[in-house]
Structure formats: structure tokens, C-alpha cells
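The chains referred to below are lettered A, B, ... by the order of the sequence lines, with proteins before strands, and numbering in each begins at 1. FYI, side chains are in, hydrogens and waters are out, and symmetry mates aren't considered; it's all heavy atoms of this structure.
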Number of protein chains: 2
Amino acid sequence: MINERTIKSDKIYQGKIINLRVDTVELPDKKYSKREIVEHPGGVAILPITKDNKIIMVKQYRKSVEEKLLEIPAGKLEIGEEPKECAKRELLEETGYTSENIEYLFKFYTSPGFSNEVISLFIAKNLEKGEARPDEDEYIEIKEYEIEELLEMIKNGEIKDAKTIIAILYIKNSLNM
Amino acid sequence: MINERTIKSDKIYQGKIINLRVDTVELPDKKYSKREIVEHPGGVAILPITKDNKIIMVKQYRKSVEEKLLEIPAGKLEIGEEPKECAKRELLEETGYTSENIEYLFKFYTSPGFSNEVISLFIAKNLEKGEARPDEDEYIEIKEYEIEELLEMIKNGEIKDAKTIIAILYIKNSLNM
């Protein structure tokens, strides 16, 4: 089993959402290398489907890329929070919808080359209208789309967010909508 | 247009692959908030399909998540490098295959909540066998899979890498293999 033994681990930054550390590792050939690692608490993403088979999407400004992105609802885990509880909470906060039918699909690492961020993906059906309650630093627009529109928006580059692309392609594959 | 005006930008770390900065932004309600941003040079990922419709995958240890992951070939852009050139180079380095038929599909942000990393996805057909030349700190195993096997491995959680999930679901959708 090829592995990387940690020789040294330097904490560079402890932040609000992420931490940064730099590990020195020993490779199988005994040489050393550096690994820059962004620690993230992990999060959830939810694909919300209305009773008439529309997908609820959120649009928000993302400072990291200096543009507004169209995404499925998502958010990071609070300390001690179960992913499914987090999915329920974020669905309500961001879209105003609730669901008694939230099902776990699978999870994935967003960028394992430098981060341990893992997102658990859920699908939420039988949506009921409630009232959105975004975090105080979130400004979110909510929109409904047909799945075929969203597939077209992946192909033409309008949808650019990895977790959102995964959810849309997955549901297209499994439901054959 | 809802936006976030940058009030201050603090460089925290300048690394080998990533940089970290913390921006102070002014929100539409005039309150301030912090944005932790990981700067990444961007990269490419390549879905390599053999003449008999098998997918070439690479398996490597990822220090960030402390496990070996099965992924499509990928790598980061060198300074001034075009994504398509990078795709050709990484395909050869990691798998030993070359292709005269590399086609751009689309690009996506891996984790826009905290990083500007963008990956351009390519598909490589008509593969010709060459010789793999991994970077000196890369230890890579190469394996071939049927697309149906890979789909099953997404559903059961064996494939955990976002860019890889995107590529497999996309090709399943568009080729109807």
C-alpha cells in the first residue's frame, strides 16, 4: 500500500470556515514533499424537486470567483450536526421549502488535491412551502427550472458549480426524466 | 446586482500550489463580513476512452483525505499553459496514453464557497499507447473500467472524487453507452 507518512505538520491559519496546514510527508522512495491542505468541516447539498418535477435552484454571489452562480441549495455542517439534519435546515433557510422525504444519495470530495471538504448529496421530494431564512451574510435568489433546461445550461457553461452539475447529471441518469 | 465590495484583502499564505487570502467585504446592507479564499491556478481533467469503450482511471494516495482515490487523470495548469495542452500533457504523464482527438467539454468550479479553483474537462478518444511519466512525487496505478462499473461505483460510494463523478455521469448521459 503506497502511502505518505507525515513527518511534520504546520498549522498556518485557523479561520471561520477553513483551516490551512502544510504537512511534510515521506514518499515511498524516502524523499520528502510538502502537502498544502485546506481543512473544511464538510457540508451538504440538496436537490429539491417540486411535485410537478421542477428543480429549485439558488443564485448567489460568490466572492471567491467574483460572480453570481446558480447552484442547488447547500451549506456547511455545524459542529455535531448530522448531514441529514443539515440538509433539512439548509433547504428551509435557503429556499423556504420543507420536505418529509429527504433521501441521501452519496458523498464526494470536492477537491481532494488540496482539501478534505466532503459534501453529502441529498434529494428532497414532496416539497412544502415555508419561509426562507438565509444567514445574515447570504443574499439568495430562488428560481425553478425544468431538468432539461439545466442540462443545457451545463453544456453551454451557464452552470459552473461542481456539486450542482453532479446532482443534475445524477438525477437525469437515475430518473430518466 | 447584489455584490460584495472588497474593503481589505489580507494575504495569509503564498504556497507551492495554493495561496490563502482573507477579504473583508461590504454587504448590500452595509455590514462587513470576512471571506476566506483559497487561490488555485486551475487545472484540467481528462476522460480517456479506449477504442473498445473502456475508461482509463488512475488511483493515487491523497494526503488531504488520507486515502487512495480512483479518479480520472487530472492536473494543474502550469504558468502560461493552455488547458488543452495541459490535458495532453497530463494524459501522457499519468496514463502513458496519447490522443489526437482531445475535445473540450465544459469547465466548473470545484468549491466556489471558498476557492476559485476551476477545472476544464476534456474527453480523449482514439488513445494510443505511450509511456507514463508521473511527477516525481506522484505514485499512480492505472486501471481500465467499463462505464457501467463506474456508475455502480458512484452509487455505492467507491468513487468519491467530484470531477470524476461529473465526467462519468456526463458521458453516460451524452453517449448513452
### Task
Could you tell me which portion of A:I154 (side chain, backbone, both or neither) has an atom closer than 4.5 angstrom to a non-hydrogen atom of chain B?
both
### Message
Under 4.5 Å from any heavy atom of chain B, what part of A:K31 do you find: side chain, backbone, both or neither?
### Response
side chain
### Message
Among B:K63, B:K160, B:R35, which residue has the highest count of heavy-atom pairs closer than 4.5 Å to chain A?
### Response
B:K63
### Query
Pick from A:T95, A:T164, A:L47: which one makes a side-chain contact (heavy atoms from CB on, under 4.5 Å) with A:M57?
A:T164
### Message
Please identify, among B:I12, B:D23, B:I18, B:T6, the residue contributing the most non-hydrogen atom pairs under 4.5 Å to chain A.
### Response
B:I18
### Query
Out of curiosity, A:L121 CG to A:Y104 OH, how far, rounded to the nearest 0.5 Å?
8.5 Å
### Query
At a heavy-atom separation under 4.5 Å, does A:F106 approach chain B through its side chain, its backbone, both, or neither?
side chain
### Summary
Cut-off 4.5 Å, heavy atoms of chain B, and the answer for A:E39 is neither
### Query
Does a donor on one side chain sit under 3.5 Å from an acceptor on the other, for B:E128 and B:T98?
no
### Task
Go through the atoms of A:S33 and report whether side chain, backbone, both or neither lie under 4.5 Å from a heavy atom of chain B.
side chain
### Message
Ignoring hydrogens and geometry beyond distance, is a side-chain donor-acceptor pair present between A:E4 and B:Y139 at under 3.5 Å?
### Response
no
### Query
Got more than 12 heavy atoms from elsewhere within 6.0 Å of NZ, A:K16?
yes
### Task
Give a yes or no answer on whether the side chain of A:S64 reaches the backbone of B:P112 with a donor-acceptor pair at less than 3.5 Å.
yes
### Task
Heavy-atom distances under 4.5 Å only: say whether A:V118 touches chain B with side chain, backbone, both or neither.
neither
### Task
Select one option (side chain, backbone, both, neither) describing which atoms of A:I166 are under 4.5 Å from chain B's heavy atoms.
both
### Query
When only pairs under 4.5 Å are counted, which of B:V25, B:I37, B:I168 shares the most heavy-atom pairs with chain A?
B:I37
### Task
Pick one of side chain, backbone, both or neither for A:D161, based on which atoms fall under 4.5 Å of a heavy atom in chain B.
both
### Task
Before accepting this row, confirm whether a basic side-chain N of the pair A:E85/A:R89 lies closer than 4.0 Å to the acidic partner's carboxylate O.
no
### Query
How many angstroms lie between atom NZ of A:K54 and atom CD of A:E144, to the nearest 0.5 angstrom?
6.0 Å
### Task
Tell me, for A:I17 versus chain B, whether the close heavy atoms (under 4.5 Å) come from the side chain, the backbone, both or neither.
both
### Task
Using atom types as modelled and distance alone, determine if a side-chain donor or acceptor of A:E141 lies under 3.5 Å from a backbone N or O of A:Q60.
no
### Closest-packed option against chain A by number of heavy-atom pairs under 4.5 Å, given B:E66, B:K34, B:K163
B:K34
### Summary
The interface call for A:N156 against chain B, heavy-atom contacts under 4.5 Å, is neither
### Query
Out of B:R21, B:K76, B:K155, which one racks up the most heavy-atom pairs below 4.5 Å with chain A?
B:K155
### Task
State whether a side-chain donor-acceptor pair under 3.5 Å links A:N101 with A:S99.
no
#### Entry: Engaged part of A:E71 at the chain B interface, taking heavy atoms whose separation is under 4.5 Å
side chain
